[in-house]
Each structure stands twice: as C-alpha cells, then as structure tokens.
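We count residues from 1, following the sequence as given. Values below: every heavy atom of this structure, side chains too, minus hydrogens, waters and symmetry copies.
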Amino acid sequence: MTPQMPHTGAWKTFTLVSFAAAAMLTIGIFFLPAEIWIKGYLAMASLFLTGTTFTLAKTLRDEHEAKRLINKIEDAATERVLREAVPGRL
C-alpha cells in the first residue's frame with residue numbers, strides 16, 4: 001500500500017467552509033417561513049444531494065485508484081520485457 005499524501009491547508013479550509021455552509025442550509029430550511037411539507041421536501045433534496053455527492057466522490061476515487069494500479073502493472077510488465085530484451089540493461 002502506498003502512503004497517502006497529507007491534506008493541504010487549502011483543502012482543510014475548503015472542507016470546513018463547506019460543512020459550515022451545509023449547516024447554514026439546514027438552519028435556513030428549519031427557519032424558512034413555509035409549510036412543513038415544503039421544508040421536508042427541501043430537507044430530503046439536500047440529503048439526496050449529500051448522498052449522491054459521497055457516491056460520486058467514491059466512484060471517482062475508486063476509478064483513479066484502479067488506473068494507478070493498472071499503470072503500475074503496465075510499468076512492471078514493460079520493465080520485465082525490457083530486462084528480457086536487453087540483458088545488460090537495468
């Protein structure tokens with residue numbers, strides 16, 4: 001397993017600001033001068049958006065990790081072919 005790079009300060013700031021914005025959305029829906037069914041609809045929409053965001057992020061991460069693994073396998077195969085083709089190399 002490869003070591004993971006630490007998160008940058010900009011990324012940490014972005015996640016904290018995003019969390020604060022989501023909290024403000026929740027508070028805004030709660031205090032919205034509307035009927036309860038409208039508030040419920042907006043709350044369900046925000047929950048669905050949050051869930052699909054997690055799904056999209058995981059899918060993109062998994063695809064990226066799979067490409068990294070495929071590239072490592074291809075690089076290893078290339079190195080093996082080069083070693084066999086040119087015995088004095090590497």
Side-chain angles (χ1 to χ4, degrees):
M1 177 174 243
T2 59
Q4 293 194 345
M5 304 253 321
H7 296 297
T8 63
W11 177 252
K12 290 177 185 177
T13 302
F14 174 76
T15 57
L16 289 172
V17 170
S18 297
F19 182 79
M24 287 188 291
L25 174 67
T26 302
I27 293 168
I29 290 173
F30 181 75
F31 287 109
L32 185 69
E35 295 181 31
I36 190 72
W37 68 270
I38 295 173
K39 291 179 182 183
Y41 180 79
L42 292 173
M44 286 188 333
S46 66
L47 286 174
F48 181 68
L49 180 61
T50 302
T52 56
T53 301
F54 278 111
T55 303
L56 176 62
K58 182 185 179 321
T59 301
L60 292 176
R61 186 197 69 212
D62 291 348
E63 184 177 319
H64 174 73
E65 291 293 324
K67 285 181 182 177
R68 283 181 50 195
L69 178 62
I70 290 171
N71 286 340
K72 284 182 180 181
I73 292 169
E74 288 175 352
D75 289 345
T78 302
E79 289 294 326
R80 184 181 52 83
V81 168
L82 287 174
R83 270 187 289 220
E84 291 172 358
V86 184
R89 187 171 193 275
L90 302 174

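When all heavy atoms of I29 and A43 are compared, the pair lying nearest together is CD1-N, 4.0 Å.
Taken from CZ in F54 to OG1 in T59, the straight-line distance is 13.0 Å, to the nearest 0.5 Å. Between atom NZ of residue K39 and atom CE of residue M44 there is a gap of 15.5 Å, rounded to the nearest 0.5 Å.
Checking T26, L32, L47 one by one against L42, the side chain to side chain contact (heavy atoms under 4.5 Å, CB included) holds for a single residue, L32.
Pairs of residues two or more places apart, or lying in two chains, that qualify as ring-ring contact (aromatic ring centres under 6.0 Å, His included) and include a residue from residues 13-45 are W11-F14.
Residues passing the salt bridge (Lys or Arg N to Asp or Glu O under 4.0 Å) test with R61, sequence neighbours excluded: none.
Ion pair R80/E84 flagged as a salt bridge, since at least one NZ, NE, NH1 or NH2 atom sits closer than 4.0 Å to an Asp/Glu carboxylate oxygen.
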